[in-house]
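What follows is a single structure, written as structure tokens, with notes after it.
The model shown is predicted, which means the values in this text are computed figures rather than measured ones. Throughout, residue positions are numbered sequentially from 1 according to the sequence presented. Values below: all heavy atoms of this structure, side chains included; hydrogens, waters and symmetry mates excluded.
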Amino acid sequence: MRRTWLAGVPLLGLILAGCSGSGNTPSGDSHRTTVSASGTPSASPSAAGAGWNAWTANYSAAEGRCEATAHQVVCRTGSGGLVGRSRNTGEVTWTVPPAERGKDADLVVDSATERAVTSSGKTLRAANLRTGKVAWTRRLADGSTFPVVIRVADGTVYVLETPTAGMKVITLAAFRASDGKPLWHRSVAVDPYGDMAAFGGRVYTTDGTKVTARDARTGATVATTPRGVECAYLISGGKYLVCTGSPISAGDTFPPLQRLDADTLRPMKTAEDTGDKPERGVISSDGVLVLYEANAEDSSAGSWNAYDLVHPKRLWSYYDTTEEGELAGDRFVTFTPVNAAARDRVISIDLHAGPKGTGDAAPHLSPRYSQARGGEGPRLVVPGGDPDHVVVQAGTHRSLRSIPLP
């Protein structure tokens, strides 16, 4: 969700310190390759290489959220349809037609299993990323009044079904990613807005207070949080599991940031958070949590705060007006604030040095791109692996732009 424009708040001087791309950088629109909505190039792209190229492509009104692997971009369409696009040109390379009508789940793209998974109504389906064909389709046990939660880990697709809004006891099901074979299902007490995590042979859910860990092979409960540990929302990454307050909370106070032991679910020493409302977070493989926190009364602006989970401490803070941010290798990537002189750009920040880093660890700014304007409601799509490009998805004028990672 893109934050609204907030007048009168200057960009902190530290943002520009050590940044490349400030000053007289030309607009990113002056050297672009454009692809029409049909996928036909309207200007000659740079020579297609083995990796990612810079390009711009329109996407149709039917297409929604996009994700990427190291080899392609994948976008969902209404009612469970999917579209695959080339990493070299942005052209459409394959399509999966819609299934039955219904509310769509988030798209999950997993390069390890070569599957893209989504759902619509009572239908869960997966596409083969290599061929662009439907790999399998399965009927869910219950229809959903709002999107199901989907995760993929270690060759298994996990689905939280949500038959009735507000119900706490819903179905958690596991399917083999290769062919969709049902493995197990359990009726679980869970808050579907509390998210779900799957890694290390376990699946984690929260009912809004208590976290439960289940064996990924059987669904059997193997651990729960001790009494007194409050967990409204789960964030995971690498081998790390963190509890925060819920981003949908209407309150003014929130449970403190808390790292959990992934095996026992016991609380571990954790750095003190800011006390602001946690909106969204990502965790690196070496244990750096970057969490967007905003004032509960006015969430139009906030800060990305980095916390070291291994040596508990807060590392740095970056003022911003968006909760759109992702990890790319050892850097954190987000958009510059909409009220800053350096607006409409993508910035990458060293995970440990932060925005005050110098030398090789200094923050890097991209040129200005029309797709990165606040009014476009932009989001970042980061390919897997150690990417040298990222994709900016603009919502208002519906275009995708592959750019070199700043």
Side-chain angles (χ1 to χ4, degrees), residues 32-41 44-60 63-77 80-97 105-118 125-136 150-157 176-180 199 237-238 282 284-285 326-331 333 346 348 366 371 379-394 399-406:
R32 68 181 180 181
T33 297
T34 302
V35 181
S36 69
S38 64
T40 303
S44 297
S46 59
W52 282 79
N53 287 333
W55 47 259
T56 304
N58 298 326
Y59 65 98
S60 69
E63 295 174 68
R65 187 181 183 94
C66 300
E67 299 296 345
T69 69
H71 302 287
Q72 63 189 308
V73 177
V74 181
C75 306
R76 74 181 187 198
T77 62
L82 297 166
V83 172
R85 292 179 178 272
S86 166
R87 66 178 176 178
N88 293 323
T89 64
E91 295 180 27
V92 173
T93 54
W94 53 260
T95 61
V96 172
D106 277 343
L107 169 65
V108 176
V109 177
D110 184 63
S111 58
T113 59
E114 297 183 328
R115 295 290 182 265
V117 187
T118 189
R125 66 193 327 211
N128 186 312
L129 292 176
R130 286 185 301 167
T131 65
K133 305 294 185 182
V134 175
W136 48 265
I150 302 174
R151 296 289 180 266
V152 180
D154 301 322
T156 304
V157 178
R176 193 160 60 196
S178 59
D179 58 8
F199 62 93
V282 291
S284 69
S285 59
E326 301 293 342
L327 299 174
D330 59 356
R331 300 185 75 85
V333 187
V346 176
S348 74
S366 77
Q371 289 81 6
R379 60 178 299 268
L380 286 164
V381 182
V382 179
D386 189 9
D388 58 4
H389 280 65
V390 296
V391 177
V392 179
Q393 181 176 12
S399 67
L400 299 167
R401 184 169 199 140
S402 172
I403 66 171
L405 176 68

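Under the salt bridge (charged side-chain N to carboxylate O under 4.0 Å, His left out) criterion, Glu67 pairs with Arg65, Arg379, sequence neighbours left out. Under the salt bridge (charged side-chain N to carboxylate O under 4.0 Å, His left out) criterion, Asp386 pairs with no residue at all, not counting sequence neighbours. For Ser284, the side-chain hydrogen bond (donor to acceptor under 3.5 Å, both in side chains) test picks out Asp286, with sequence neighbours left out.
A 4.5 Å side-chain heavy-atom check between Cys66 and Leu400 finds at least one atom pair inside the cut-off. Taking the side chain as every heavy atom from C-beta outward, Trp55 and Asn88 never approach each other to under 4.5 Å. Under the 4.5 Å side-chain criterion, counting only non-hydrogen atoms from C-beta, Val74 is not in contact with Thr69. Val157 has its side chain out of reach of Arg115: every pair of non-hydrogen atoms, C-beta onward, lies at least 4.5 Å apart. Between Val73 and Tyr59, the closest side-chain pair of non-hydrogen atoms is not below 4.5 Å.
In this structure, Ser366 contributes its side chain and Pro406 its backbone to no donor-acceptor pair below 3.5 Å. Distance alone, capped at 3.5 Å, places no donor-acceptor pair between the Thr118 side chain and the Leu107 backbone. With Gln393 contributing its side chain and Gly64 its backbone, the two residues share a donor-acceptor pair below 3.5 Å. Without hydrogens or angle criteria, Arg401 side chain to Thr56 main chain gives no donor-acceptor distance under 3.5 Å. Judged by distance alone, the side chain of Gln371 and the main-chain N or O of Ser399 form no donor-acceptor pair under 3.5 Å.
Put simply, CG on Leu380 and CD1 on Ile403 are 7.5 Å apart, with the number rounded to the nearest 0.5 Å. Expressed to the nearest 0.5 Å, how far CG of Leu129 lies from NE2 of His71 amounts to 9.5 Å. In this structure, OG in Ser348 is found 5.0 Å from CG in Leu405, a value given to the nearest 0.5 Å.
Between Ala70 and Trp52, the shortest heavy-atom distance links the atoms O-NE1, 3.1 Å. Scanning all heavy atoms of the two residues, the minimum distance from Val96 to Gly132 falls at CG2-O, 3.4 Å. Considering every non-hydrogen atom in both Thr113 and Gly155, the closest pair reads CG2-CA, 3.6 Å. Considering all non-hydrogen atoms of both residues, Val390 and Pro383 come closest at CA-CD, 4.2 Å. The two atoms that bring Thr77 and Val83 nearest to each other are CG2-CG2, 3.6 Å, heavy atoms only. Closest approach of Ser402 to His389, counting heavy atoms only: OG-CD2, 3.5 Å.
Ser60 and Glu63 share a donor-acceptor pair across their side chains, judged by distance under 3.5 Å alone.
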